[in-house]
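The structure under discussion appears below in the form of structure tokens.
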Amino acid sequence: MIVALAGGVGAAKLLLGLTQVVRPEQVAIICNTGDDIELFGLRICPDLDTVTYTLSGVVNPETGWGLKGDTFQCLDNLGNYGGETWFRLGDRDLATHLWRTHLLHQGFTLMQVTERMRSAFGVRSQLIPMTNEYTPTRILIDGGELHLQEYLVREQCRPRVRGLKYSHMEQARPTSGIEQLILTAEAVLICPSNPFISIGPILAVPGIMGFLHRTPAPVVAVSPIICGRALKGPAANMLQQLGHAVSARGVAEIYRNLVDVFVLDEQDANLAEEIEDLGMRVGVMDTVMNTTEEKVKLARRILELT
Ligand code: FO1
């Protein structure tokens, strides 16, 4: 098994490539749920949905999240009642959130719900939420805090980030099966996702860091930062505002003592030596994934490296 720790859009792209290089059944995806949010009484799990939609070929290719060709009539009508419409929930996407919430209310765990949805979408890889508990990530800003989605979407990442809080994490437990998967994996892949808001919550689930330290499998991380910039999202801003180097090196430092192999983009080849000095092997390759061929090529090269 190749075990992947995954956030949203960047991770989903690499996983799409990976599942074309090895059999999808050989991939187990441990997915971030720190970006989950409750809106209109519904539980929304953006990263689980992004991975599911991407691997089943129904994702909106323009945004990388939501469903291809979706419409927003329900949300517009909610707006007429005075409901908040900043989080764009599509009409067909809403069925996912309705169904998930319905099953959770019936007493199913998030893992069981995710399993049913994975199967309904024909996704053949294992897809596992990092925990069954609701542990939304909070962004600490001057004078208060925001839910991660309020920071990302409603506030468009404008507030200065002072810190992060992985709420209710003390009570959270890794979803059953995660320990066994990590300890018996052939390789653990940390996808090119934001280290603070996508991978950070997974590593913060009590126990998961210990499994990663104990596994004999190589732990490989792919940098989400190229030339000091994130291809998508606020990773570069967060590195800067939280006092880290705004580069792939800054990410490598966060993963120090955890990662055996760090994958850098070839445009950052000059950083290889200083990252090796942190005690990791470094792989240099083209990590930009626009086309399917690029996703497959990157996945293949990562596997060769491990
Ligand atoms: N991202 C946006 O930038 N704007 C949105 O309105 C938005 C809605 C949305 C609805 C469902 C969903 O699954 C994802 C959605 N996203 C939206 C993406 C999401 O905010 C982030 O990309 C992830 O949470 C970070 O991985």
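First listed ligand is number 1; within each ligand, the first listed atom is number 1.
Nearest non-hydrogen protein atom to atom 3 (O) of ligand 1 is Val153 CG2, 3.9 Å. The single protein non-hydrogen atom nearest to atom 23 (C) of ligand 1 is Asp35 OD2, 3.4 Å, given as residue, atom name and distance. Here the heavy atom of the protein found nearest to atom 7 (C) of ligand 1 is Trp65 CH2, 3.2 Å. Atom 6 (O) of ligand 1 has its closest protein heavy atom at Arg88 N, 2.8 Å. When only non-hydrogen protein atoms are considered, atom 20 (O) of ligand 1 lies nearest to Gln149 OE1, 2.7 Å. Taking atom 12 (C) of ligand 1 as the reference point, the nearest protein heavy-atom neighbour is Pro46 CB, 4.0 Å.
Stacking of Arg116 on the aromatic ring of Phe108 is recorded, both the 6.0 Å distance cut-off and the 45° axial limit being met. Figure legend: Arg88 and Phe72 shown as a cation-pi pair, the cationic atom lying under 6.0 angstrom from the six-membered ring centre and within 45 degrees of its axis.
Asp70 places a side-chain N or O within 3.5 Å of a backbone atom of Asp93 that can act as its donor or acceptor partner. Distance alone, capped at 3.5 Å, is enough to place a donor-acceptor pair between the Thr175 side chain and the Thr131 backbone.
Taking the side chain as every heavy atom from C-beta outward, Arg249 and Leu278 approach each other to under 4.5 Å. Within the 4.5 Å cutoff, side-chain heavy atoms of His244 are placed close to those of Ile254.
Between Lys232 and ligand 1, no N or O atom pair is found at a separation short of 3.5 Å.
Only side-chain heavy atoms of Asp93 come within less than 4.0 Å of ligand 1; its backbone N, CA, C and O stay farther off. In Phe87, the parts holding a heavy atom less than 4.0 Å from any atom of ligand 1 are both the side chain and the backbone. Only the side chain of Asp47 comes within 4.0 Å of ligand 1, judged by heavy-atom distances.
The ligand atoms of ligand 1 that sit less than 4.0 angstrom from a heavy atom of Trp86 are 6 (O).
Scanning for ring-ring contact (aromatic ring centres under 6.0 Å, His included) contacts around Trp99 gives His102, with sequence neighbours left out.
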Listing, residues 208-224 side-chain donor-acceptor contacts under 3.5 Å, not counting sequence neighbours, or none:
from, atom 1, to, atom 2, distance (Å)
His213, ND1, Met209, O, 3.3
His213, NE2, Asn257, O, 3.1
Arg214, NH2, Glu179, OE2, 3.2
Thr215, OG1, Ile182, O, 2.6
Thr215, OG1, Ala217, N, 3.2
Ser223, OG, Ile225, N, 3.0
Ser223, OG, Ile225, O, 2.8

